[in-house]
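Here the structure comes first, spelled out in structure tokens, and everything after it is commentary.
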Amino acid sequence: DAKTTQPPSMDCAEGRAANLPCNHSTISGNEYVYWYRQIHSQGPQYIIHGLKNNETNEMASLIITEDRKSSTLILPHATLRDTAVYYCIVRVAAGGTSYGKLTFGQGTILTVHP
Amino acid sequence: NAGVTQTPKFRILKIGQSMTLQCTQDMNHNYMYWYRQDPGMGLKLIYYSVGAGITDKGEVPNGYNVSRSTTEDFPLRLELAAPSQTSVYFCASGLGGGGSNQPQHFGDGTRLSIL
């Protein structure tokens, strides 16, 4: 699985958009980009994932560059409850010789302040 | 919507004791995983299972055992507890096989202290 690089910490004002970057310059063509977050030592919570196209769901948007070497997670209107560690992970689909292991790095500590 | 349920939530063990961490999921996922997370660190994979009766080692399997007799349940056993096993343990499940890109879903964790 490709390695990812994220800034160690970021701040965001409540109500503003939080844009969390992730670099995955060695990503392979069959690897997906996943974002999870972990709030105060709770279990990691799935946010969104994508392969090539931009994705949006009720929680966030995922923007993947055309060369797929980087991506940005966007929380459109951050709240205090979005304060968490955000993990960007790349992995192949689960099946065949892949068992779908997630490799967690250090992530980005996002602090949303009033 | 129970999802992935882990029990117990907290436990304190003495060195040398044994225990089983329980994990059950109600999403009919074929793949299940056990991770541990040490303070300030990311998660590390202990064991995983791609279906009932099939288990395999992850990155840090020493000191642990697993079994998978049903699709729903994936217990993790510590036979001789050691202080190095003090950690938070997370169970996860996901759809796999046939190139599934569906995400894993995690339980709320078991916080284990070995004294």
Side-chain angles (χ1 to χ4, degrees), chain A residues 1 3-6 8-9 22 27-53 55 57-60 62 64 68 73 84-109, chain B residues 2-6 9-10 21 23 25 27 29-51 54-61 68 74 87-112:
Chain A
D1 293 340
K3 284 187 64 175
T4 62
T5 304
Q6 299 177 251
S9 63
C22 180
I27 192 169
S28 301
N30 61 347
E31 288 182 308
Y32 291 77
V33 179
Y34 293 80
W35 283 84
Y36 283 79
R37 71 181 182 184
Q38 193 171 23
I39 298 172
H40 192 51
S41 297
Q42 294 177 15
Q45 179 188 22
Y46 165 75
I47 302 172
I48 199 167
H49 76 285
L51 182 64
K52 300 180 191 178
N53 300 322
E55 302 287 345
N57 62 20
E58 65 278 4
M59 289 183 68
L62 173 61
I64 303 175
R68 302 210 322 123
L73 177 74
V85 181
Y86 286 77
Y87 296 99
C88 168
I89 300 167
V90 294
R91 55 150 256 219
V92 297
T97 58
S98 167
Y99 56 89
K101 168 191 164 187
L102 294 175
T103 301
F104 286 80
Q106 295 299 305
T108 296
I109 300 172
Chain B
V4 178
T5 302
Q6 293 184 238
K9 295 191 185 307
F10 304 94
L21 283 66
C23 175
Q25 52 94 8
M27 296 173 282
H29 287 164
N30 49 345
Y31 284 31
M32 295 188 74
Y33 311 82
W34 274 105
Y35 295 86
R36 61 176 284 175
Q37 185 175 33
D38 298 330
M41 306 295 288
L43 281 70
K44 293 186 178 179
L45 184 67
I46 306 172
Y47 270 94
Y48 68 96
S49 168
V50 299
I54 306 170
T55 63
D56 209 342
K57 297 177 180 178
E59 301 169 87
V60 290
R68 184 95 183 271
F74 190 40
S87 192
V88 182
Y89 292 83
F90 292 105
C91 178
S93 72
L95 279 174
S100 170
N101 62 38
Q102 292 305 298
Q104 293 177 25
H105 296 275
F106 287 78
D108 288 334
T110 294
R111 284 148 185 80
L112 182 62

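Protein chains get the first letters and strands the later ones, always in sequence-line order, with residue 1 at the start of each.
For Tyr47(B), there are no side chain to side chain donor-acceptor pair (under 3.5 Å) partners at least two apart in sequence or on another chain. Contacts of Met41(B) classified as side-chain contact (heavy atoms from CB on, under 4.5 Å), with partners at least two apart in sequence or in another chain: Asp38(B).
Judged by distance alone, the side chain of His49(A) and the main-chain N or O of Pro103(B) form no donor-acceptor pair under 3.5 Å.
There is no contact between Gln45(A) and chain B, counting heavy-atom distances below 4.5 Å. For chain A, the nearby part of Gln37(B) is the side chain; its heavy atoms alone come within less than 4.5 Å. Only the backbone of Gln42(A) comes within less than 4.5 Å of a heavy atom in chain B; its side chain stays farther off. Interface residue Leu43(B): backbone and side-chain heavy atoms are both found under 4.5 Å from chain A.
For the set Ser49(B), Gly42(B), Ala92(B), Cys91(B), the count of heavy-atom pairs under 4.5 angstrom toward chain A peaks at Gly42(B).
Put simply, the side chain of Leu102(A) reaches to within 4.5 Å of the side chain of Phe106(B), judged on heavy atoms. Contact annotation: the side chain of Gln104(B) approaches that of Tyr36(A) to within less than 4.5 Å [non-hydrogen atoms, C-beta and beyond].
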